[in-house]
Amino acid sequence: MGWGNTLTRRLKVFSMALFIYFDYKKQINIFLRYKQAVQKRVKWVGASKKDAIWTKTHERNARRVLNLMIELEGLWVKMGQYLSTRADVLPEPYINVLKQLQDSLPPRPLEEVRGTIEKELGKPMNDLFANFVLDPLATASIAQVHRATLVDGREVVVKIQHDGIKDIILEDLKNAKSLVEWIAWAEPQYNFNPMIDEWCKEAPKELDFNHEAENTKAVSSNLSRKTNCESGAVSSAVDVLIPEVIQSTDKVLILQYMDGIRLNDNDSLEAYGVDKQRLVEEITRAYAHQIYVDGFFNGDPHPGNFLVSKEPPHKPILLDFGLTKRISQSMRQALAKMFLSCAEGDHVALLSAFAEMGLKLRVDMPEQAMEIATVFFRQSTTANEAKENIKTLNDQRERNVKALQEKMKMNKKEVQRFNPVDAFPGDAIIFMRVLNLLRGLSASLNVRIVYLDIMRPFAESTLLGSMARGPTANSQWIYDSPVNSEVESKLRNLLLELGSNKILGIQVCAYKDGKVIIDTAAVFSVTKGITAGMVHWLVDKGKLKYEETVANIWPKFGTNKKELIKTLICNFLLKVHHLLNHTSGLHNALGDVMKSDPLLHASGKKLQEVLEEAIVHPLHIEGELYIGIPPGVESRLAALTVDMEELEKLSGLRAGSDVPQELLSNVAQMATGLPVLFNTLNIRRAILPAANGHCSARALARYYAALGAGGTIPPPHSGGGSEPPLGSHVHTPKFPTMPSKKKKKKGGSKNDVSVADKDGYTQLRTSDGSDEGSTASAVAGNGSGGGSMFVDGGAKMLDAFMGVGDFSGMIHPNGKFGLGFRRYGYGAGAGEKATAATFGHSGMGGSTGFCDVEHGLAMAVTVNKMSLGGVTRRVVRLVCEELGVPVPDEFSVAGDKGPDMVLNLAPPE
């Protein structure tokens, strides 16, 4: 293209854009004046007149767009074809006018066609074809298609690229990019820059017909092969047709001829009796298979790229694979997770999917994020409902903008220029474009498609398939980190033996004499042990006393109206040590009332602040221990599930002397519902000290290693090169913000970040600045170890944990708990060992943490497939036996089980 043509195209594009923009602005101003007139009770124009004015405005601008697109051809035709399919969101006049682009553009001269064919194939046309139909079947933006017969008699179609179209497409992409940038500046709420960026990257690939030929072969092979249901994939191939590739060059593509009906030929569709509902459903299935199962899909499903076979059962014929996108397995899984999270209303999974695919938000608004994401998978609407659909989407957008404005405390002008999305992955853009085109296709054919039903099996197959490729199929499901010891090697063999039927995800970490000997990764409610440690820390700091009355430090506790609590507080005589030794009866009842944060009354600090100062920072385990997660951590959490096979065994168990038999009858029902409850975003973020800890095994093991040493901080975690290094995560992620021109406030450090937000989560400092009580943090922060979590640690603190010595009067004489921790004996019923220096805490579902002070062992196991603890017990027994350390009775074959470990029961093996 010469400079003259380039400049002319550019001027025409921007002139038309400005003309249409000001035309609509003019109409908006007219109706604003109309609205003001109505408010003054001046009757000016009726609703029907208003609709007619808008219709005429749409029609004249649609014709302007159509004429310019036909004149310029190239990319603008393709854009018009896309817009013509969006009957679900565009005004009807645009659809009626622009759908002409789905037919055929003016054909290129035969001399040009002949020259391209002979140059590309290296032979005269007479030597290539027995017959070549001069009138093209169709002329599109990049090429035109002729029917022909090869010299061997095969019926084919020949696709010939327009001469000089490459330069035109590249220039049009530049113009489109500039136009989109201008629109984003003029109307910030319409920022399509991520979309045009991805299109600029993908569109040039359509100009290589060898590339299209390979794509066609690959998609055809993928959709025709039988799939294995047992591997997690869908059970049968989709029922579509794709032409066979005969020959290709850069600019010529020869395909098998297939006789079909165009989708916009409604009369023929009716005459042949085509079931349009079934047709679009099968096309949707084909695309779901391409996206979720194959990770290789056609990114341009407009009506012109489909035919319908004339022979019953009238199968869809898929054409034109020039714009075909390949996505990684991780992106497929993220897209599948996003789809299923929308289907289930699972906010945690949605935010996790966003993080996995690289979609970054500038604001934490999960409800609005769910609402917007669900729009893409909503049931399609017919063209007749387009007006109502547009109104619904606009209303939804206004609600979200208002919520954003309130959240960010912005005025109307500021919120219009605020983009809540910080980064949008290109793969997701093409995926969403496909969904929009499919929606437009169903609207143009006047059918309703329930995408959540049709696409769900394919999305589920992606996640199930990735799980099925786990331990039973590939030993590499265990994280490939160096082995720290011989016992760790044997542990990994045990995990492989147990396989995916018992393990969905597991982490095991153990310290022996202060050094890491196991750190293997392939939680739920080990939280009480963490909370107990925080209480001991507050006592050590002089902020709390074991003998102190709970009602004195927590006023709301004494005034709580629950009858259970009113009975048990015994005229406000309930003390801190009663809560720790589990004799108060409140260790599970406190979940609802702890929302008022009693530690705030005791220490002046919120629970999260105490957790960080007392445990997280001293032990250098940032990002791996929370009680209630802050926003931005969702993608690192494993979802909880239940081992139903083990739960069924409950009916054959006998309850211990201190576990009511009737309790077991309700355990299965309760356990089945727990994962659903604890997987929800509200619960994950809730600060429930008794039951909502989220931690890694290596963080929990390090915690118990420190407790077992009386608070002495172990040397830096030497987990054999495990990645990422312990403590390297950002503890409280910050949402990226828009560039700000505001002046810096005086007196603020350049390293400071925002302090606690309204949810009570404190942002970490970016420097090691000091604050009150941060001595231990500074010691641990340099990674040297050797400091202490407590001022008065050592043997006295161990006595407090175990409830012995000076603290023996604070526990139940025959109880299984010290002050906050379960005390373990060795072997079954070994009464003489009941006070052995082994303590810890297990939780419902099998996760556990404990330390054996006498033998220098600290160990943690975290699982997300909740069970009766069979896997955990085998892991603990193997490690103890290999190290020559007695097995704590909770994990022995026939040992005693404590009252808080109902789900840790397991039948003799």
Side-chain angles (χ1 to χ4, degrees), residues 1 73-74 77-78 81 102-170 203-221 223-224 240-262 298 300 302 304-311 315-324:
M1 290 179 65
E73 296 184 342
V77 171
K78 186 168 289 292
Q81 290 172 335
Q102 296 176 17
D103 295 324
S104 192
L105 298 173
R108 293 297 180 97
L110 182 60
E111 292 76 14
E112 178 186 315
V113 172
R114 181 187 296 274
T116 301
I117 291 175
E118 293 182 347
K119 180 180 178 181
E120 290 290 309
L121 299 180
K123 293 181 181 180
M125 286 185 61
N126 291 337
D127 294 343
L128 295 167
F129 306 105
N131 182 48
F132 188 91
V133 179
L134 300 182
D135 293 331
L137 291 172
T139 302
S141 57
I142 292 177
Q144 66 187 44
V145 179
H146 290 258
R147 186 174 178 181
T149 306
L150 297 177
V151 291
D152 61 7
R154 284 182 291 176
E155 295 292 321
V156 297
V157 293
V158 186
K159 183 176 180 179
I160 308 100
Q161 190 175 122
H162 299 323
D163 190 30
I165 194 64
K166 181 176 181 179
D167 291 338
I168 293 175
I169 290 291
L170 295 179
K205 297 177 182 178
E206 292 191 81
L207 301 171
D208 182 356
F209 286 179
N210 281 322
H211 180 72
E212 180 177 344
E214 292 305 314
N215 292 343
T216 305
K217 293 175 185 177
V219 174
S220 179
S221 174
L223 295 184
S224 62
V240 297
L241 301 173
I242 297 176
E244 177 189 356
V245 175
I246 308 298
Q247 186 178 358
S248 69
T249 70
D250 286 347
K251 297 182 179 180
V252 174
L253 178 61
I254 303 177
L255 300 166
Q256 169 194 8
Y257 171 75
M258 288 187 170
D259 191 18
I261 310 165
R262 298 181 67 84
N298 183 356
D300 198 22
H302 66 78
N305 285 342
F306 298 98
L307 297 173
V308 186
S309 62
K310 293 182 177 179
E311 298 296 325
K315 298 180 182 181
I317 302 173
L318 278 53
L319 307 172
D320 194 349
F321 294 89
L323 181 59
T324 304

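For clarity, every value in this text was computed on a predicted model and none was experimentally measured.
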Pair E118, M125 - check side-chain contact (heavy atoms from CB on, under 4.5 Å), show working. CA-CA 6 Å; E118 293 182 347; M125 286 185 61; 3.9 Å; yes

For a side-chain contact (heavy atoms from CB on, under 4.5 Å) check, start with the C-alpha distance between L319 and F306, then their side-chain angles and the critical distance, and finish with the verdict. CA-CA 6 Å; L319 307 172; F306 298 98; over 6 Å; no

Give the intermediate values and the outcome of side-chain contact (heavy atoms from CB on, under 4.5 Å) for residues V158 and V252. CA-CA 7 Å; V158 186; V252 174; 4.0 Å; yes

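S224 places a side-chain N or O within donor-acceptor distance of the main-chain N or O of S220, the cut-off being under 3.5 Å. Using modelled atom types, one side-chain atom of S309 and one backbone atom of K315 make a donor-acceptor pair closer than 3.5 Å. Side chain of H146 to main chain of L134: a donor-acceptor pair is present (N/O by atom type, distance under 3.5 Å, no hydrogens or angles). Of the possible donor and acceptor atoms, one in the side chain of H162 sits under 3.5 Å from a partner among the backbone N and O of A140. For E112 (side chain) and D163 (main-chain N/O), a donor-acceptor pair under 3.5 Å exists by modelled atom type. Formation of a donor-acceptor pair under 3.5 Å by the D300 side chain with backbone atoms of D320 is not found in this model. A donor-acceptor contact shorter than 3.5 Å is absent between the side chain of Q161 and the backbone of K251.
The distance from atom CD1 of I165 to atom CD1 of I168, rounded to the nearest 0.5 Å, is 4.5 Å. Rounding to the nearest 0.5 Å places CD1 of I242 at 10.5 Å from CD1 of I317. Once rounded to the nearest 0.5 Å, the distance linking CD1 of I117 with CD1 of I254 reads 7.5 Å. Atoms CZ and CG, on R262 and N305 in that order, are 9.0 Å from each other to the nearest 0.5 Å. With values rounded to the nearest 0.5 angstrom, N298 atom CG is found 4.5 Å from T324 atom OG1. Atom CD1 of I142 is separated from atom NZ of K159 by 7.0 Å, given to the nearest 0.5 angstrom.
A salt bridge links E214 with K217: the closest approach of a Lys/Arg side-chain nitrogen to an acidic carboxylate oxygen falls below 4.0 angstrom.
Residues P136 and V145 fail the side-chain proximity criterion, which asks for heavy atoms closer than 4.5 Å. Looking only at side-chain heavy atoms (C-beta outward), L253 and V245 come within less than 4.5 Å of each other. When side chains are defined from C-beta on, N215 does not count as touching K205, because their heavy atoms never get closer than 4.5 Å. Annotation: side chain of P106 is not in contact with side chain of T139 (no heavy-atom distance under 4.5 Å). Under the 4.5 Å side-chain criterion, counting only non-hydrogen atoms from C-beta, F129 is in contact with L150. Between L318 and L223, the closest side-chain pair of non-hydrogen atoms falls below 4.5 Å.
By the neighbour-count criterion of 12 heavy atoms within 6.0 Å, atom NZ of K310 is densely surrounded, having more than that number from other residues, nucleotides or ligands.
In terms of heavy-atom proximity, F209 sits nearest to S248 at O-CB, 4.0 Å. Contact detail for D250 and E120: the closest heavy-atom pair is N-OE1, 3.5 Å. When all heavy atoms of T216 and P243 are compared, the pair lying nearest together is CG2-O, 3.8 Å.
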